Amino acid sequence: MSNKLRVLLTGGCGYIGSHTAVELMRAGHEVVIADNLVNSSAAVLPRIEELGGKKPAFYNVDVCDKAALDDLFNRESVDAVIHFAGLKCVPESVEKSTLYYRNNLTSTINLLERMADHGVNYIVFSSSATVYGEQDTMPLREDMPTGACTNPYGMTKHMSEIIIRDAAKASDSLGAVLLRYFNPIGADASGRIGEDPQGIPNNLLPYVAQFATGRRKRLFVNGNDYPTRDGTCIRDYIHVTDLAIAHIKALEFIVGKQGHEVFNIGTGNGYSVLEVIEAFSKACGKELKYEFAPRRAGDIPTCYADPSKAERLLGWRAERDLKRMCEDTWRWQSNNPMGYGK
């Protein structure tokens, strides 16, 4: 992208947001972060500055707060928005469904309205492979049906996609890209920023990493009787830096265009839970002893992407393999055993 952009990242202090902030700055762009720090830490901000070479503008703002968001847009002239902000814990979304619908949908609607009011015409949305629900056919393609989601979190992503798509249809200037992430793992190669989940991790790799540092005492594998090559679930894991770079490619694609486009962001390869544990054992230099536990409700056996559309239209493909994902995660976790709260 030849033109330097000033990009607003909602939820920019989070795991994916912080890595995207760094990659945007490394590519020469300017970053404004809006985050209410509910699931993130302000301690990441000096590390983003350290890695990106420039201090990002930061606003402690809840995107659901119209007045605060309006004030941000009045203060900051931005060219585009990447919308990460949202609650994202699948089990919690089942228990607190109305909270998830109110937060995740209100934030998206508020953002689109403020963008329209202030003449900001480009948005990249952080969506998820959960919008596909359970499919009988793999790999997943962008033209497959969506909306039969297995949890409220996934439904908020599906409904936000519809809201953004319809806003783009109704506008003669809005350009939107919906990025359906698969399973982001890894950390910046520096080991300075990474995933720092609040409480007990719901995702595999941060749980394994915390077990490897001794922060978790037991390592459970949920289910060993799935119809897969070793009986454990298979997922498409993607390095968070590759994912961050995909956002820059999405901005390159949409700036100057109107309408909306959807892309899967994954590697196209599936790894089983046991294969990930084995790879992480090699990365951290010690055998990780695991125990089998019952299946978790809602876990599907296999899920991986067909990422060929992103390669064809965005010129993007994942570059970092599972070995690299595990090595970078271990560097982050071993250097920061308590995350940003060390």
Side-chain angles (χ1 to χ4, degrees), residues 14-23 26 44 47 51 84 88 126 128-130 139-140 179-197 201-213 215-216 219 221-222 228-230 232-249 263-288 290 299 302-307 310-311 316-337 339-340:
Y15 173 45
I16 300 166
S18 60
H19 285 80
T20 302
V22 168
E23 292 303 326
R26 285 171 173 165
V44 75
R47 300 187 186 205
L51 297 174
F84 298 108
K88 63 172 190 174
S126 166
S128 165
T130 56
L140 295 170
L179 297 183
R180 293 175 181 161
Y181 309 164
F182 278 69
N183 294 74
I185 60 174
D188 187 80
S190 66
R192 295 291 290 148
I193 61 173
E195 188 167 11
D196 184 21
N202 285 294
N203 297 325
L204 175 64
L205 207 68
Y207 193 93
V208 173
Q210 290 185 8
F211 175 74
T213 63
R215 188 168 162 187
R216 304 287 161 200
L219 177 58
V221 174
N222 295 103
T228 60
R229 53 184 172 262
D230 62 16
T232 64
C233 290
I234 290 176
R235 296 289 182 269
D236 188 336
Y237 295 96
I238 176 168
H239 197 295
V240 66
T241 299
D242 282 329
L243 176 58
I245 292 167
H247 292 79
I248 300 172
K249 295 290 188 180
F263 296 99
N264 286 335
I265 303 298
T267 65
N269 298 309
Y271 299 102
S272 76
V273 173
L274 296 187
E275 288 166 346
V276 172
I277 292 173
E278 181 184 1
F280 202 85
S281 294
K282 290 176 181 174
C284 70
K286 55 189 171 187
E287 186 182 358
L288 301 177
Y290 56 85
D299 273 349
T302 302
C303 179
Y304 60 96
D306 176 351
E311 183 166 5
W316 172 91
R317 65 194 299 268
E319 302 289 345
R320 294 156 180 83
D321 61 10
L322 181 62
K323 178 175 180 285
R324 175 72 181 275
M325 297 180 214
C326 290
E327 288 170 351
D328 287 346
T329 301
W330 177 241
R331 187 178 301 108
W332 152 253
Q333 197 71 60
S334 57
N335 288 335
N336 305 269
Y340 296 112

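Just so it is clear, the model here is predicted, and its values are computed rather than measured.
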Report summary line: Those residues at least two apart in sequence (or on a different chain) that pass salt bridge (charged side-chain N to carboxylate O under 4.0 Å, His left out) with Glu319 are none

**Report entry** Nearest heavy-atom neighbours spanning Cys233 and Asp299
**Finding:** SG-CB, 4.3 Å

**Report entry** Side-chain touch Leu140/Cys303, heavy atoms, less than 4.5 angstrom
**Finding:** yes

**Report entry** Straight-line distance of Leu51 CG to Ser18 OG, nearest 0.5 Å
**Finding:** 9.5 Å

Query - Expected output: side-chain Asp306 to main-chain Asn264 donor-acceptor under 3.5 Å - result: no

Report summary line: Smallest heavy-atom separation, Gly268 atom then Tyr304 atom, equals O-CD1, 3.7 Å

Query - Within-4.5 Å side-chain heavy-atom neighbours: Val240 and Ile16 - result: yes

**Report entry** Minimal non-hydrogen separation, Ala318 against Gly266, with atom names
**Finding:** CB-O, 4.3 Å

**Report entry** Non-neighbouring partners of Ala209 that pass side chain to side chain contact (heavy atoms under 4.5 Å, CB included), sequence neighbours left out
**Finding:** Phe280, Thr329, Gln333

**Report entry** Any side-chain heavy-atom pair of Tyr290 and Leu274 under 4.5 Å
**Finding:** yes

Report task. Could you tell me which non-hydrogen atom of Ile265 sits nearest to which non-hydrogen atom of Ala310, and how far apart they are? Result -> CD1-CB, 4.2 Å

Query raised in the report: Out of curiosity, Arg320 CZ to Ile238 CD1, how far, rounded to the nearest 0.5 Å?
Result: 9.5 Å

Query raised in the report: Relative to the ring of Tyr340, is the ring of Trp332 parallel (under 30°), tilted (30 to 60°) or perpendicular (over 60°)?
Result: tilted

Report task. May I ask you to check whether Thr267 and Tyr237 show a side-chain donor-acceptor distance below 3.5 Å? Result -> no

Report summary line: Glu275 and Gly270 have their tightest heavy-atom pair at OE1-O, 4.3 Å

Query raised in the report: Is there a donor in the side chain of Arg235 and an acceptor in the side chain of Asn203, or the other way round, less than 3.5 Å apart?
Result: no

**Report entry** Atom of Ala187, atom of Gly194 and distance for their closest heavy-atom approach
**Finding:** CB-CA, 3.9 Å

**Report entry** Test side-chain contact (heavy atoms from CB on, under 4.5 Å) applied to Asn336 and Arg47, step by step
**Finding:** CA-CA 13 Å; Asn336 305 269; Arg47 300 187 186 205; 2.9 Å; yes

**Report entry** Ring centre gap for Trp330 and Phe211 strictly below 6.0 Å
**Finding:** no

**Report entry** Sub-4.5 Å side-chain heavy-atom contact between Arg229 and Ile234
**Finding:** yes

Query raised in the report: Can you check whether Leu288's main-chain N or O pairs, donor with acceptor, with Ser281's side chain at less than 3.5 Å?
Result: yes

Query raised in the report: Atom NE2 in His247, atom CZ in Phe84: separation rounded to 0.5 Å?
Result: 4.0 Å

Query - Euclidean distance, His19 NE2 relative to Asp242 CG, rounded to 0.5 Å - result: 11.5 Å

Query raised in the report: Does any N or O in the side chain of Thr213 come within less than 3.5 Å of the main-chain N or O of Pro337, such that one atom is a donor and the other an acceptor?
Result: no

Report summary line: In this structure, CG of Leu204 is separated from CD1 of Ile185 (nearest 0.5 Å) by 8.0 Å

Query - Listed partners of Glu23 passing salt bridge (charged side-chain N to carboxylate O under 4.0 Å, His left out), at least two apart - result: Arg26

Query raised in the report: Are any of the side-chain nitrogens in Asp321 or Arg324 under 4.0 Å away from the carboxylate oxygens of its partner?
Result: no

Report task. Hey, could you give me the CH2/CG distance between Trp316 and Leu243, rounded to the nearest 0.5 Å? Result -> 7.5 Å

Query raised in the report: Quick one: does Gln210's side chain get under 4.5 Å of Pro197's, heavy atoms only?
Result: yes

